[in-house]
Amino acid sequence: MFPYPSGDGLHTGHVESYTATDIISRYWRMKGKNVLHPQGFDAFGLPAENFAIKTKIHPSQTTQKAIATFKQQMNMLGFSYDWSREVNSSDPKYYKWTQWFFLLLYKNGLAYRGKAKVNWCNSCQTVLANEQAEGGVCERCGSPVVQKDLEQWFFKITDLIESKGATSGLLQGLDKIDWPESTKAGQRNWIGKSEGAQFKMEIITSTTPASGHPSSAEEGTKGEVLDYIEVFTTRLDTVFGMTFALIAPEHKIINELKSQIENWSEVEKYIEEARKKSELQRISETKEKTGVEIKGVKVINPFTEQEIPVFISDFVLAHYGTGAVMAVPGHDQRDYEFAKKFNLPIIEVIKSEDRKSSIEKEAFIEDGVLANSREYDNTTSAKAREKLIEWIQKNNLGEKKINYKMRDWLVSRQRYWGAPIPIIYCPQCCHSRPASQYGANLENEKSGSRIKSGMTEFEITEIDGKKYAMVPIPEKDLPVLLPDDVDFMPHGESPLSKSKKFHDVSCPKCGEKAKRESDTMDTFVCSSWYHFRYADPKNEKEFASKEKIEKWLPVDLYVGGAEHTVLHLLYSRFFTKALHNLGYIDFDEPFLKMRHQGIILAEDGQKMSKSLGNVINPDSVVAQYGADALRMFEMFMGPLEDAKPWNTKGITGIYRFLEKAWRISLKFKVKSEKSGLEVKSLIHKTIKKVSEDIEKLKFNTAISALMVLLNEIEKNEEMPIEVFEKFLILLSPFAPHISEEIWSQLGHEESIFKEKWPEYNPELIKEEIIELIIQINGKVRDTISVAVDISETDAKKLALESEKIKKYLLGREPKKIIFVKEKLINIVL
RNA sequence: GCCCGGGUGGCGGAAUUGGUUUACGCACAGCACUUAAAAUGCUGCGGGAGAAAUCCCUUGUGGGUUCGAGUCCCACCCCGGGCACCA
């Protein structure tokens, strides 16, 4: 994963993941593979812009400086990147293609403008990303974040959740990629698929007192049907237990029923209070349910035909399902709490199969057997769901329905330091249309509708009450350059709108005065496709050529932080799937194998943070111990994926190991042909172990194998130079600097990295004599040296002859003797 | 609450996937080298009993399967990470 070039330089986490891929790359190159190991910079983004606001230094300057530092540090650490393929997402040559992707998605109906609630900071006068509004307060100034309805750009990521034609869905694709289970689970969870039913219920004028128990609507007493309300449920089997309905405060039906609502002022007050709360506040106030009954109207449960009351409550989410739910307090904990608070009836309609659970103290939320459900009594939950859905469909009340938690991706940002969105808004782009459709006619078009203008179809949008045709910038005019004369201080609207030069343009279609979109794209858009660019970074005609993409992609191994579980990793999958679906590429997953590096904690076991002053700076570690020691120590600390605390004392172990290798190298100036067989066997075992461990990314045990080998080499006064040279080659991916240096001191003219990775001889690994373990009842009592291929009878005979064993047997006859070849004998008494 | 991990010496961690628990490294102790220190090398280092040979116990806890369990199954306790009123 390419880094965000922060002013702080590389941190220990970067060193960890970049060393891992460097070892892998060097290993496979020495194995004769053609390895693409690229690096680049995710250079747009908020920190640079915020820093610019503070210091008035242009973000491109700070970014360039940071990139220079990063590259210098990466070179210091010996990462073998192909810098000729470097990408920088803030470079116009790069973001030209980010804009091209935007248009590609737009032209294919995967990008659209729509209204959305966004996080808004009144003090900074700007929109904030979700991650900058954590805890409901602005990250920068600490003032509360409010929700604001704004027209924004979205990518239709929800369109690719399920497989589409030959393109696997975001959900299904997970099954075929080698990713950590936790990350796949995180994505599934984020997508949040749930299958259920959606059905409608009649809203009627109230004929029964407010709240109170449900009553059957008898002929003639039933109120007038005012409207319908739709609800979504995954537990249709519990419908007979529905004793009230709940709707979200934002539900539009509330206004439509206004004239019928007896307690309008109370209702209005509740909605107003809910509106003021941010989503985060609502969540943090989970403890107690609140709500208000809508008096004057009732809802009819179509299954029981009973009238039930309707409540507004802010725990019902407007943006999920239909924004309204059937409340079954007996079998949903939230409904249970609500019913208790408002003293509403709780009916048991599902019984646990073992009849043990009840709804005395809490809702029984598991599946079970139906009760109090008329002809469905004694049916299992699963069966009842099937039958009830049939009934709903037959009566035209609703249908099967799948809902997802995931919403479309909001990509527009009212920010300066990002790729401009390549759209122009033309108030009169209609000159090529028939006269009847000219000018004012545009005002009659609905926002979001499409109009035809000659061969082109435009979408209509509304900005500040005025209608515009959205005109995509022609590809030949890309990139839309980010103006550098812009005042990027926050003023409450997109900084780009302040640049007249940028903002006021003539329409590329009709040439009339028009205005340019002044929002930029979320930086995650830039990083959603960079892996393609590495294949063909200098291409000026395409984002990458088809042949180059075919040659290099998809990515075989991707390493990066687990914090990207959802955002980046989901977005790049979306881009890849969109490209596949549109026929640009022949694969639909970008990263075949992925691993996360675990975080490196500070020496005190806490997270490294500037405020705690416990940050380990790679520069100072390199100054003291050298780049190789830092690389190797981070690999030696533990498994790549595990969180591990830093230990400054620990690095001395690696430092001593590298020094030892250096000292021993001085002994090998004179060749010796005398060879110790044991070392020879050990070196072949080590070749096997180190190779296999590198391929499995188990660098910690690979290093320990290298240590074992070096300790053994040290013990032998003389051995052929080849033994030590093989050790050096095995060491070189981990510690490239010292290996290269020793290699050259040994008289080699060519780089050690031009050497072929050693092969091991399976014959030399084979043991001829082994220590056979003798157990009695599973406990080790003796070991005997025997030939590997000793026969079962011989082994048993030897075991029973052992003095120690005889002592334990006391002349008893074994019940059974287990013989495991090349391992052990277990005598069962 | 739900979903993913994990619990092995004083510490970071090994364990061929059911076969000698504690590889490798750190720390610690003793010794050698040195006038001395550092560096380096050697030895020891899970717990308990013992002068020793040796014996017993030990992979969070309790149970189970097995000739044999750190590893598999059941229940529980604890820790880390993610999501979280999604009907």
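Just so it is clear: chains get the letters A, B, ... in the order the sequence lines come, proteins before strands, and each one is counted from 1. Bear in mind the structure is a predicted one, so any value in this text is a computation, not a measurement.
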Discussion item. So that I can tick it off, tell me whether A:Asp642 and A:Lys644 are bridged by a salt bridge, with the cut-off set at under 4.0 angstrom between side-chain N and carboxylate O.
Written reply: no
Worksheet item: Centre of A:Tyr228's six-membered ring, under 6.0 Å away, within 45 degrees of the axis: is that where NZ or CZ of A:Lys200 sits?
Response: yes
Worksheet item: Using the glycosidic torsion, which applies to B:rU71: syn (within 90° of 0) or anti (everything else)?
Response: anti
Worksheet item: Taking OP1 and OP2 of B:rC55, is either one under 4.0 Å from a side-chain nitrogen or oxygen of A:Tyr808?
Response: yes
Worksheet, complete the sentence: Judged by nearest nucleotide, the residue sitting upstream toward the 5' end of RNA chain B, A:Lys649 or A:Lys715, is A:Lys649
Worksheet item: Once the angle between the rings of A:His564 and A:His568 is folded into 0 to 90°, is it parallel (under 30°), tilted (30 to 60°) or perpendicular (over 60°)?
Response: perpendicular
Worksheet item: How far, in whole Å, is B:rG10 from B:rA23 if one measures between their P atoms?
Response: 14 Å
Worksheet item: CD1 of A:Ile177: more than 12 outside heavy atoms within 6.0 angstrom?
Response: yes
Discussion item. Both atom distances under 3.5 Å, Watson-Crick or G-U wobble: I'd like the secondary structure of RNA chain B as a dot-bracket string, with | for pairs made across strands.
Written reply: (((((((..(((......[....))).(((((.......))))).((((....))))..(((((..]....))))))))))))....
Response to the item:
note: A:Ile599, atom CD1; B:rG5, atom P; distance rounded to Å ~ 18 Å
Discussion item. Just to be sure I understand the rule, does A:Asn403 reach a base, reach only the sugar-phosphate, or reach nothing, if contact means heavy atoms closer than 4.0 Å?
Written reply: nothing
Worksheet entry | Whichever of A:Glu195 and A:Lys807 has its nearest RNA chain B nucleotide further upstream toward 5' | A:Lys807
Worksheet item: Nearest to the side chain of A:Lys816, which nucleotide is it out of B:rC67, B:rA84, B:rC4?
Response: B:rC67
Worksheet, complete the sentence: Note: A:Gln187 and A:Leu570 closest approach over all heavy atoms is OE1-CD1, 3.2 Å
Worksheet item: Just by modelled atom types, is the A:Ala248 backbone N or O under 3.5 Å from a matching donor or acceptor in the A:Asp314 side chain?
Response: no
Worksheet item: For A:Lys593, does the NZ atom sit with more than 12 other heavy atoms under 6.0 Å from it, leaving out its own atoms?
Response: yes
Worksheet item: Hey, does A:Lys779 reach any base, or is it just sugar-phosphate, or nothing, if we go heavy atoms under 4.0 Å?
Response: sugar-phosphate
Extract all donor-acceptor atom pairs below 3.5 Å that involve side chains of residues 682-690 of chain A and protein atoms in other chains or at least two apart in sequence.
residue	atom	partner	partner atom	Å
A:His684	ND1	A:Asn761	N	2.7
A:Lys685	NZ	A:Glu767	OE2	2.7
A:Thr686	OG1	A:Leu682	O	2.7
A:Lys688	NZ	A:Glu692	OE2	3.4
A:Lys689	NZ	A:Asp693	OD2	3.2

Item to complete: Ignoring backbone atoms, test whether A:Arg656 places a side-chain nitrogen or oxygen under 4.0 Å from the OP1 or OP2 oxygen of B:rC26.
Response: yes
Worksheet item: Does the salt bridge (Lys or Arg N to Asp or Glu O under 4.0 Å) test come out yes or no for A:Lys796 and A:Glu792, once each step is laid out?
Response: CA-CA 6 Å; A:Lys796 281 179 183 171; A:Glu792 183 164 352; 3.0 Å; yes
Worksheet item: So, does the side chain of A:Lys289 form a donor-acceptor pair with the base of B:rC85 at under 3.5 Å?
Response: yes
Item to complete: Answer with base, sugar-phosphate or nothing: what part of the nucleic acid does A:Val828 contact at a heavy-atom distance below 4.0 Å?
Response: sugar-phosphate
Worksheet item: Which nucleotides of nucleotides 12-23 of chain B have their base under 4.0 Å from a protein heavy atom (B), which only their sugar-phosphate (S), and which neither (-), written as one string 5' to 3'?
Response: BSSSB--BB--B
Discussion item. Tell me the interatomic distance from A:Arg781, atom CZ, to B:rU54, atom C1', rounded to whole angstroms.
Written reply: 11 Å
Practice prompt. Take atom CG of A:Leu601 and atom C1' of B:rG81, then tell me their distance rounded to the nearest Å.
Written response: 11 Å
Fill in: Anti/syn call for B:rG9, syn if |chi| within 90°
syn
Worksheet item: How long is the line joining NE2 of A:His331 and P of B:rC85, in whole Å?
Response: 23 Å
Worksheet, complete the sentence: Atom CD of A:Glu337 and atom P of B:rG1 are separated, to the nearest Å, by 13 Å
Practice prompt. Would you mind classifying the nucleic acid contact of A:Lys660 as base, sugar-phosphate or nothing, using non-hydrogen atoms under 4.0 angstrom?
Written response: sugar-phosphate
Response to the item:
Taken to the nearest whole Å, CH2/A:Trp662 to C1'/B:rU40 is 18 Å
Practice prompt. Can you tell me the distance, in whole Å, between the CD1 atom of A:Ile651 and the P atom of B:rG25?
Written response: 16 Å
Discussion item. Can you tell me if A:Ser194 touches the phosphate of B:rA87, counting only side-chain N or O atoms and a distance under 4.0 Å to OP1 or OP2?
Written reply: yes
Worksheet item: Looking at A:Asp175 and A:Arg188, does any basic side-chain N land under 4.0 Å from a carboxylate oxygen?
Response: yes
Item to complete: Determine, for A:Lys766 against A:Glu763, whether the closest basic-nitrogen to carboxylate-oxygen distance falls under 4.0 angstrom.
Response: yes
Fill in: A:Asn189 CG to B:rG1 P, straight-line distance once rounded to whole Å
16 Å
